[in-house]
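The structure is given below, and queries will be raised subsequently.
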Amino acid sequence: MQKDFKIKAKEFDLEATMYSGQTSQPPWHPNGGGYNELLTVNNKPSLITIKQADDKLHITIEAHEKIPLYKVKERINHIFDLKFNIEEFYDFLYSHPPLDSVIDYSRGLRLFLAKDVFECIISSIASANCSIKRWTNAINHIKRSWGRGYQFSKGIFYSFPTPTILAGLDDNSLRSAGVGYRASYIIRTSRMISRIPIKDLKRMDYDRAFNILLKLPGVGPKVADCILLYGFRKLEAFPVDVWIQRIMKHLFSVDDKKLRDFVKDEFNDYAGYVQLYLYNYARKSGILEGVQ
DNA sequence: GCCCAGGGCTATA
DNA sequence: TATAGCCATGGG
């Protein structure tokens, strides 16, 4: 079956979101101004092509079996967080200087949510102390090596392997994907995950889910927050990396120890989006140049 | 060839 | 509890 349709997407920048380095997954495969990716809908593999034109997204589906269109629409709306009221978020930023200055560097940037929560967990672990370019290449390598390939008219596309498959790998073969010493973290976490119902995390409150994730090898506070934000859409999560530390110190003079409490009090449920915009601002504005 | 990367783990005090 | 080294290795 092959179908296409459009969905409304105001205040959304697909390209900026795709390349914002969120650890839910690597960027989708660019193709003629649009992007291709394998998406499992109703347990059926389908190739999605997404392209932005003005305030609309043009979606094409190619699948071997019939798939309800509204399900695909739901998935797209979820992955790019299109139902999030971003105007209201901008109002929040405008009324909380100096946050008002970050908007112009990231207008239309939204969450890039996991299409596969396990992929998000492994991507987040792989991203620690690693460049965005490198961990996205590694994840793509893992997909090609151990994921399942599906043939479409545009080529073969691979799913992310299951926890059981990664749990069965030995350290050296996983290292061949380019994850370095994180290989053992990934294998050990996969072993634990294949025995734990990670879907339960979605229902849990933020603090409880955070503390459970910390038990996974390779998962510290920053990675746990990435998993909660990009994997489970816990909007209170505020992943703190070196860039966020520097920009928070620069803008608010908060030291690292008081950061979590400060964020909880000041940003509340906008914490995740504030982090997204601050990260972009810290890297793109050049405001930190010359600041240690 | 050098340096750094969206941190986490482990040993020490 | 707090801080100091150490970690693999691809990419710029």
Side-chain angles (χ1 to χ4, degrees), chain A residues 16-27 102 105-106 109-114 119-145 169-193 210-231 234 237-251 255-261 263 271-289 291-292:
Chain A
T17 301
M18 199 65 86
Y19 292 107
S20 55
Q22 299 180 53
T23 63
S24 54
Q25 62 210 293
V102 308
Y105 292 91
S106 309
L109 177 63
R110 288 174 186 260
L111 284 177
F112 187 23
L113 289 159
E119 176 181 25
C120 173
I121 292 173
I122 301 305
S123 297
S124 302
I125 292 175
S127 75
N129 194 25
C130 189
S131 69
I132 294 173
K133 195 71 183 169
R134 185 180 166 194
W135 75 255
T136 53
N137 284 342
I139 295 301
N140 283 326
H141 198 298
I142 289 174
K143 288 168 69 178
R144 284 194 306 272
S145 299
L169 295 178
D170 64 90
D171 204 82
N172 279 334
S173 54
L174 186 52
R175 281 193 187 211
S176 70
V179 294
Y181 61 89
R182 303 163 197 83
S184 69
Y185 300 157
I186 292 172
I187 292 169
R188 283 155 60 206
T189 286
S190 300
R191 286 181 192 150
M192 292 174 68
I193 292 276
F210 182 79
N211 285 309
I212 289 179
L213 284 172
L214 287 185
K215 295 176 182 169
L216 297 173
V219 179
K222 189 267 177 184
V223 169
D225 271 334
C226 280
I227 295 170
L228 289 171
L229 182 59
Y230 309 131
K234 299 286 185 194
F238 189 85
V240 177
D241 62 12
V242 288
W243 290 97
I244 293 296
Q245 280 181 12
R246 283 182 285 196
I247 195 70
M248 287 297 285
K249 185 175 264 182
H250 183 72
L251 293 180
D255 60 88
D256 304 342
K257 294 170 189 171
K258 296 179 179 174
L259 196 50
R260 283 187 77 85
D261 287 332
V263 166
Y273 264 92
V274 170
Q275 187 271 358
L276 201 58
Y277 278 61
L278 279 177
Y279 177 72
N280 231 17
Y281 179 69
R283 287 166 58 110
K284 288 188 178 174
S285 69
I287 196 170
L288 290 177
E289 282 170 24
V291 183
Q292 65 154 348

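Chain identifiers are assigned alphabetically (A, B, ...) following the order of the sequence lines, protein sequences preceding nucleic acid strands; residue numbering begins at 1 within each chain.
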Under 3.5 Å side-chain donor-acceptor pair for Q22(A) and S24(A): no
Atom-to-atom span, CG of N172(A) to C1' of dT9(C) - whole angstrom: 14 Å
dG7(B) base / Y185(A) side chain donor-acceptor hit below 3.5 Å: no
Atom-to-atom span, CD1 of I227(A) to P of dG7(B) - whole angstrom: 14 Å
Gap between atoms NZ and P, on K222(A) and dC9(B) respectively (whole Å): 13 Å
Sugar-phosphate only, base, or nothing, as touched by V179(A) at under 4.0 Å among non-hydrogen atoms: nothing
Integer-rounded Å distance: dG7(B) C1' and I121(A) CD1: 17 Å
Spacing of the P atoms in dA8(C) and dA11(B) (rounded, Å): 14 Å
Sugar-phosphate, base or nothing in reach of G21(A), heavy atoms under 4.0 Å: base
Shortest non-hydrogen separation from C120(A) to Y230(A) and the atoms involved: SG-C, 4.1 Å
N/O (side chain, K257(A)) to phosphate O (OP1/OP2, dT3(C)) under 4.0 Å: yes
Closest non-hydrogen atom pair, C226(A) against T23(A): CB-OG1, 3.4 Å
Closest contact, heavy atoms only, I193(A) versus I121(A): CD1-CD1, 3.9 Å
Nucleotide dG8(B), atom P - distance to CG of D256(A) in whole Å: 13 Å
Sugar-phosphate, base or nothing in reach of R283(A), heavy atoms under 4.0 Å: sugar-phosphate
Closest approach of A224(A) to L214(A) (non-hydrogen atoms, all atoms of both residues): CB-CD2, 4.1 Å
Pair assignment for dC3(B), Watson-Crick or G-U wobble, requiring both distances under 3.5 Å: dG11(C)
Whole-Å distance separating the CD1 atom of I125(A) from the C1' atom of dG7(B): 12 Å
Separation of atom CZ in R182(A) from atom C1' in dC9(B), rounded to whole Å: 13 Å
Heavy-atom pair with the smallest gap, counting every atom of L109(A) and Y277(A): O-OH, 2.8 Å
Value in whole Å for how far the C1' atom of dC7(C) lies from CZ of R175(A): 9 Å
Nearest-nucleotide 5' precedence on DNA chain B, R188(A) against I244(A): I244(A)
First of V240(A) and L214(A) reached from the 5' end of DNA chain B, by closest nucleotide: V240(A)
Minimum-distance pair of heavy atoms, taken over all atoms of M192(A) and P217(A): SD-CD, 3.6 Å
Nucleic acid contacts of residues 128-145 of chain A, taken as heavy-atom distances under 4.0 Å to DNA chain B: A128(A), N129(A), C130(A), S131(A), I132(A)
